[in-house]
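Side-chain atoms are counted along with the backbone in the values below, which use heavy atoms only and exclude waters and symmetry mates. By convention in this document, chain letters (A, B, ...) are assigned in the order of the sequence lines, proteins followed by strands, and residues within each chain are numbered from 1. Everything quoted here is computed from the prediction, not taken from an experiment.
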2 protein chains.
Amino acid sequence: MAKAAASRPGESHTPTMVDVALRAGVSTMTVSRALKEGSRVSKATREKIMTAVNDLGYVLDQSAGSLSSRKTGFVAAIVPSINNSNFADTARGITDELESTGLQLLLGYTDYTVEKEEQLIEAMLRRRPEGIILTGGAHTDRARRLLKSAGIPVVETWELPAKPIDQVVGFSNEEAMGLLVKTLAKRGYRKFGYIGGTTSRDTRGSQRREGFVRAIDELGLPTGRLVSFGVPPISIEQGGQAVVSMLERWPDTQAVLCVSDLSAFGALMECKRRGMRVPQDIAIAGFGDYEVAAFCHPGITTVNVDCYGIGQQAARRLIQVIRGDEKRHGQEIVLTGYRVVEREST
Amino acid sequence: MAKAAASRPGESHTPTMVDVALRAGVSTMTVSRALKEGSRVSKATREKIMTAVNDLGYVLDQSAGSLSSRKTGFVAAIVPSINNSNFADTARGITDELESTGLQLLLGYTDYTVEKEEQLIEAMLRRRPEGIILTGGAHTDRARRLLKSAGIPVVETWELPAKPIDQVVGFSNEEAMGLLVKTLAKRGYRKFGYIGGTTSRDTRGSQRREGFVRAIDELGLPTGRLVSFGVPPISIEQGGQAVVSMLERWPDTQAVLCVSDLSAFGALMECKRRGMRVPQDIAIAGFGDYEVAAFCHPGITTVNVDCYGIGQQAARRLIQVIRGDEKRHGQEIVLTGYRVVEREST
DNA sequence: CAAAGGCATGTTATCGATACCAAATCAACA
DNA sequence: TGTTGATTTGGTATCGATAACATGCCTTTG
């Protein structure tokens, strides 16, 4: 039977598949098939349908489609911040990897709090994503429960959680920072300082600090030079303020390691502003290998992390699990690489 | 009648509203009301329902809900790149503004091409967003047609399109760059050079260049010092290479204006690397007021744009139009401010 | 030439929620 | 105590598409 909408051609409304079907003289099922690639529809019919689609300006309604096919075509990803270029790179890696699959990304950011993460997870699960990518391994209990009962693959990234939920794509922030310390110690530096944020909101930041402390301990170097400044993620400006505070308390510090390149850059610029020579008077290193670290003068020694690759691999892993639906793959931990990049600042 | 799913309690499946209704001993309609704030359900009933919801770990299925309510709760936003901190700020402005309304953001990026924009627009329209925010005023014809027939409010941002589709929240890139030229000219600079990308993909970049050329003309200053380097958006590194090329061709250039702060930063660092004094030997200015411009040494003179505010206001405008559904507001153009920020690099 | 099989297309029954209207319950008051 | 009006709850149809199955046509082959 003709739908009311179709029988009132004068009325302007968003066309549905029924309108297309009527116009092309076929059934909605045939239209549905014609619009989904990989299904067999005769060339002539397909052309008729495409003409109708163009004439009407019809656009498929995926909300309706996913209700009956039980596949939404969504993948959710939650990052601490999209203003941080590291996570923006990860988001881009995810999107690029998803592009060819027809999956669409639902992106949200937590501002580094697990409470907001929980809210986001719930909001996104309402959209029935086919998989979800998280940053880090710290989540509220309720968030864990929601994820468990959602029955979809979960990938935690950017860390190696002690108690992973499902899949993991990341690296040890502790070890990475430790490697940086050791690399610089080998170069002769002995009095190391560390600059980071004030709270543990940023779990990756905390892990880096732990890695720093542990490495210093292991090497038997002077300990205790830790400056906490600002709520994570700390900014360029706060990096500058922190290094001032560091030099006031421990004027003989030889090398300052920062939780991120942004704070390292701030520290570097502040030192230059004060007429200090870097690295002769003080060496500075960061973490993350932001573009700015490579091209500022002097270039900043840092730890390069494959941000884009983390996103790519997380998405890839997710797709594998989604595709291989039945024989649900077991948990897997993908280690992504990191490497110390030595530049002129040390 | 009891659904099959509900009658097989042993089977693990994602619970639906029917499951909740059965467990709470009410109808699905009442469950639906209890989960939607602002509807009247007695306290006792609501508690029973909430208990059932928690016991089952039920999460509302919004795809199903939006099909019947004809409201998806989505807003789409398309930006050139999420790795660019200016657009990331805009995205954050949008998200923050949407948060209290319960609308969710569908974010996509075009990599600065209208073709990818067209694809994205179509992909997003399939999700039936209630409104859409675009960057710039350059779109393919098909994209314009799709947007028109979608019948949803559209906000174009970051520019003042000659032929707006609907709403606009932006500023004149041409005028903004012109203001920068005039400000520096007043300070005595006369030989200006301009650094930008090679193609017109980045329409805002093109407009800035035009603004530069026009201002130079109007002031009767030496013209022609234009260096195009790299595919937009040009990077820090390319800014450095471009300034080298500029100085080779026009060694007496006094002030170099760059399409963005990133290229300006690259130019600045390259000059310092070559032992030039900034601004004594050469002045450098950028556009966008990125964080790096404020805190590098010397600080970079630039044009501050209210990126976050653009996002906020675009979202706000969209919400107004969506809310005031019937009496569809007319087209409106919201001008966002910009201002020249003078720092030590000029 | 009839049977078998492949391909194109149609029919019907959902997917999970909400809109709309009807019914039931409750409180208040004459 | 019966009536009125407000509030809470339920029944049913429907949103727009697709899965699953059914049908019909055409080609192939013994």
Flag for B:Ser42-B:Thr45: side-chain donor and acceptor within less than 3.5 Å: yes
For nucleotides 25-28 of chain C, list the nitrogen or oxygen atoms of the protein found under 3.5 Å from its nitrogen or oxygen atoms, one pair per line.
none

Pairing residues for B:Gln313 by the side chain to side chain donor-acceptor pair (under 3.5 Å) criterion, not counting sequence neighbours: none
Return yes if a side-chain donor-acceptor contact under 3.5 Å exists between B:Asp61 and B:Ser63, otherwise no. yes
Could you list the residues that satisfy side chain to side chain donor-acceptor pair (under 3.5 Å) with B:Tyr112, not counting sequence neighbours? none
Take the protein atom CG of A:Leu67 and the nucleotide atom C1' of C:dC15, then report the distance between them rounded to whole Å. 4 Å
Which atom pairs, donor and acceptor, lie under 3.5 Å between side-chain atoms of residues 52-60 of chain B and protein residues at least two apart or in another chain?
unit_1: B:Asn54; atom_1: ND2; unit_2: B:Met50; atom_2: O; d: 3.3
unit_1: B:Asp55; atom_1: OD2; unit_2: B:Arg23; atom_2: NH1; d: 2.7

Calculate, to the nearest 0.5 Å, the distance between atoms CD1 and CG belonging to B:Ile152 and B:Leu125 respectively. 5.5 Å
How many whole angstroms separate atom CG of B:Asp19 from atom P of C:dA17? 9 Å
Does the side chain of B:His139 pick up a donor-acceptor pair with the side chain of B:Glu117 at under 3.5 Å? yes
Protein-nucleotide distance (A:Ile49, atom CD1; C:dG10, atom P), rounded to Å: 8 Å
What integer distance in Å separates A:Arg70:CZ from D:dA20:P? 11 Å
Quick one: is B:Tyr58 getting a side-chain N or O under 4.0 Å of the C:dA17 phosphate, OP1 or OP2? yes
Here the distance between atom P of D:dG16 and atom CZ of B:Arg128, to the nearest Å, is 9 Å
B:Gln320 and B:Arg323: side-chain donor and acceptor closer than 3.5 Å? no
Would you mind building the protein contact string for nucleotides 22-28 of chain D? One character per nucleotide, 5' to 3', B for base within reach (heavy atoms under 4.0 Å), S for sugar-phosphate only, - for untouched. -------
Return the set of residues passing ring-ring contact (aromatic ring centres under 6.0 Å, His included) with B:Phe87 (not counting sequence neighbours), or none when no residue passes. B:Trp158
Determine whether the side chains of A:Ser66 and A:Ser69 contain a donor N or O and an acceptor N or O closer than 3.5 Å. no
Rounded to whole angstroms, how far apart are CG on B:Leu22 and C1' on C:dG16? 14 Å
Could you pull out all residues at least two apart from A:Thr28 that satisfy side chain to side chain donor-acceptor pair (under 3.5 Å)? none
The complete set of salt bridge (Lys or Arg N to Asp or Glu O under 4.0 Å) pairs with one or both residues in residues 148-159 of chain B, sequence neighbours excluded, reads B:Glu159-B:Arg204
Please tabulate, one pair per line, each protein N/O and nucleotide N/O from nucleotides 8-14 of chain D that are separated by under 3.5 Å, including the distance.
unit_1: D:dT9; atom_1: OP1; unit_2: B:Ser42; atom_2: OG; d: 3.0
unit_1: D:dT9; atom_1: OP1; unit_2: B:Thr45; atom_2: OG1; d: 2.3
unit_1: D:dT9; atom_1: OP2; unit_2: B:Ser42; atom_2: N; d: 3.0
unit_1: D:dG10; atom_1: OP2; unit_2: B:Ser27; atom_2: N; d: 2.9
unit_1: D:dG10; atom_1: OP2; unit_2: B:Ser27; atom_2: OG; d: 3.1
unit_1: D:dG10; atom_1: OP2; unit_2: B:Thr30; atom_2: OG1; d: 2.6
unit_1: D:dG10; atom_1: N7; unit_2: B:Arg33; atom_2: NH2; d: 2.9

Send over the distance from B:Lys71 NZ to C:dG16 P, rounded to a whole Å. 24 Å
Angle, rounded to 10°, between the helical axes spanning five pairs at each terminus of the helix from C:dC1-D:dG30 to C:dA30-D:dT1? 40°
Tell me: NZ of B:Lys36 to P of C:dA17, nearest whole Å? 13 Å
With sequence neighbours left out, the residues meeting side chain to side chain contact (heavy atoms under 4.5 Å, CB included) with B:Ala34 are B:Val41, B:Ile49
B:Arg201: side chain to side chain donor-acceptor pair (under 3.5 Å) partners, not counting sequence neighbours: none
